[in-house]
Amino acid sequence: MSKGADDPDRTSPAVPEPPKAGARHAFLLVLAGPHFGDVFPLSERKELVLGRSDDADVQLRDDAVSRRHAALRVEAGVAELRDLGSQNGTWVNGTRTDSARLSDGDRVQVGSATVLQLVIADELEARWQLKVALGALQDPLTGLYNRRYLDERLTSELAAARRHGRALSVVLADVDHFKAVNDRFGHLAGDEALKLLAIALRGAIRKEDVLGRFGGEEFVVIARETGLAGARALGERIRAAVERCRCSFEGQPLGLTVSVGVTVSVGISEYVAGASERELIEAADRALYAAKNAGRNRVVAIELGG
């Protein structure tokens, strides 16, 4: 029996209309910082001020960004960037600059935390590019920053901390007996536990802290302008938040805890990119293993090199 026109299972013939490309404009995509994920359209032939001030054209609520940090002018697809005497500097593709001509895809860092990318595209394409860019920086399971982003961010944060004589702390948290969870309940339970822990950790940190999944069941927090005492307190908040977390799988409580290692950058005598970051992570790792050896579900803080 042939299907009639009113048959609900019949697919109606249609000729798809191709989507219309919009006019191409300049956009700033926020890849890191408090405005992570935002898209700022840029007006043509108008100099726009980037900064923390309420009257800034591109307002960035980041304490490391000056009130009037930089100016950007876009005309005929060409973008000109000027630093406005900011305290922490303006960086284009990793190099500090007073002025620069930007091309499509260039990255601009203002302060020590906010990273922007210039995109020349229609709005649909700009948002797609943002999604792709963010996807490359996020851990797909937890939605936290991934190891690649954490490595890049630690490099920039440590360089800024050394330049301005400020402390920078690293907090490393590892789930206790996580293998037993996978062995008893299966890997689906382990994945669900990591998602729940990510939520608990987000609630324990400050908005300016950088939280990511370091690998496996390890999480890391990069804490700006935080000395050893403050980082120890942050580590304790993380430990307590996980202990309070009612993590369960199919009605079975998992009873998760974390061990936490803490260290601070003030022990680094000479900043060497790459080597210095490794020193900081290795010191936090030593503190973490000290917490494990002391009985787990506790925080150990050590001076770098201790």
Side-chain angles (χ1 to χ4, degrees), residues 31-34 36 112-113 115 134 136-161 166-176 178 190 193-228 230-242 245 256-268 273-292 296-304:
L31 303 184
F36 177 67
S112 60
V115 178
L134 298 185
L137 303 176
Q138 287 179 310
D139 170 55
L141 179 64
T142 63
L144 302 179
Y145 288 123
N146 61 19
R147 176 67 180 269
R148 172 187 168 186
Y149 177 82
L150 291 169
D151 288 343
E152 293 178 356
R153 185 64 177 270
L154 183 58
T155 296
S156 62
E157 292 285 357
L158 189 52
R166 299 168 182 166
L168 178 74
S169 292
V170 168
V171 178
L172 195 59
D174 184 84
V175 184
D176 297 323
F178 189 70
L194 292 175
K195 293 177 187 177
L196 293 171
L197 287 177
I199 295 171
L201 295 178
R202 281 193 183 103
I205 65 172
R206 307 168 301 179
K207 67 178 183 178
E208 63 266 29
D209 295 331
V210 180
L211 168 66
R213 184 182 178 193
F214 200 59
E217 61 272 22
E218 281 190 329
F219 299 87
V220 68
V221 179
I222 301 170
R224 282 193 291 152
E225 298 184 32
T226 304
L228 199 62
R232 183 188 289 113
L234 172 59
E236 180 57 33
R237 288 202 306 275
I238 288 171
R239 187 207 63 78
V242 173
C245 181
L256 298 178
T257 61
V258 292
S259 298
V260 183
V262 174
T263 194
V264 64
S265 66
V266 293
I268 296 177
S276 300
E277 292 90 298
R278 188 170 61 251
E279 287 180 58
L280 198 53
I281 291 294
E282 287 176 350
D285 202 45
R286 290 197 300 273
L288 171 62
Y289 274 92
K292 294 278 189 185
R296 296 183 169 84
N297 191 25
R298 64 194 63 217
V299 179
V300 170
I302 64 172
E303 294 284 357
L304 190 61

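Inter-residue side-chain proximity for Asp151 and Arg147 is flagged as met; some heavy-atom pair is nearer than 4.5 Å. With contacts defined as side-chain heavy-atom distances shorter than 4.5 Å, the pair Thr226/Leu234 does not qualify. Side-chain contact between Leu154 and Val210 is absent, with no heavy-atom pair separated by less than 4.5 Å. Looking at Arg213 and Tyr145, their side chains never come closer than 4.5 Å, going by heavy atoms from C-beta outward. Contact annotation: the side chain of Cys245 never approaches that of Leu256 to less than 4.5 Å [non-hydrogen atoms, C-beta and beyond]. In this structure, the side chains of Asp209 and Leu211 stay at 4.5 Å or more apart for every pair of heavy atoms. Between Arg298 and Val260, every side-chain heavy-atom pair lies at or beyond the 4.5 Å cut-off. At least one side-chain heavy atom of Glu218 sits less than 4.5 Å from a side-chain heavy atom of Leu288.
Nearest heavy atom pair, residue Leu31 against residue Leu137, reads O-CD1, 3.7 Å. Ala223 and Arg206 get closest at one heavy-atom pair: CB-NH2, 3.7 Å. Minimum heavy-atom separation, Leu141 to Lys195: CD1-CE, 3.4 Å. Smallest separation of non-hydrogen atoms from Ala241 and Ala200: CB-O, 4.0 Å. Residues Leu144 and Gly212 share a closest heavy-atom pair of CB-CA, 4.0 Å. Heavy-atom minimum distance, Ala231 versus Val171: O-CG2, 4.1 Å.
Of the possible polar contacts, one joining the Thr263 side chain to the Ile302 backbone as a donor-acceptor pair under 3.5 Å is found. The backbone N or O of Ala204 lies less than 3.5 Å from a partner atom in the side chain of Arg237, making a donor-acceptor pair.
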TODO: Quick one: do Asn297 and Arg239 satisfy side-chain contact (heavy atoms from CB on, under 4.5 Å)? Show the steps, please.
DONE: CA-CA 7 Å; Asn297 191 25; Arg239 187 207 63 78; 3.1 Å; yes
- [ ] Evaluate side-chain contact (heavy atoms from CB on, under 4.5 Å) for Tyr289 paired with Val300, printing each intermediate quantity in order.
- [x] CA-CA 9 Å; Tyr289 274 92; Val300 170; over 6 Å; no
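To the nearest 0.5 Å, the span separating CZ on Phe214 from CD1 on Ile281 amounts to 4.0 Å. Here the OG-CD1 distance, from Ser259 to Ile238, works out to 12.5 Å after rounding to the nearest 0.5 Å. Here Leu280 contributes atom CG and Asp285 contributes atom CG; the two are 11.5 Å apart, rounded to the nearest 0.5 Å.
Salt bridge annotation for Asp176-Lys292: present, with a cationic side-chain nitrogen under 4.0 angstrom from a carboxylate oxygen.
Under the salt bridge (Lys or Arg N to Asp or Glu O under 4.0 Å) criterion, Arg153 pairs with Glu157, sequence neighbours left out.
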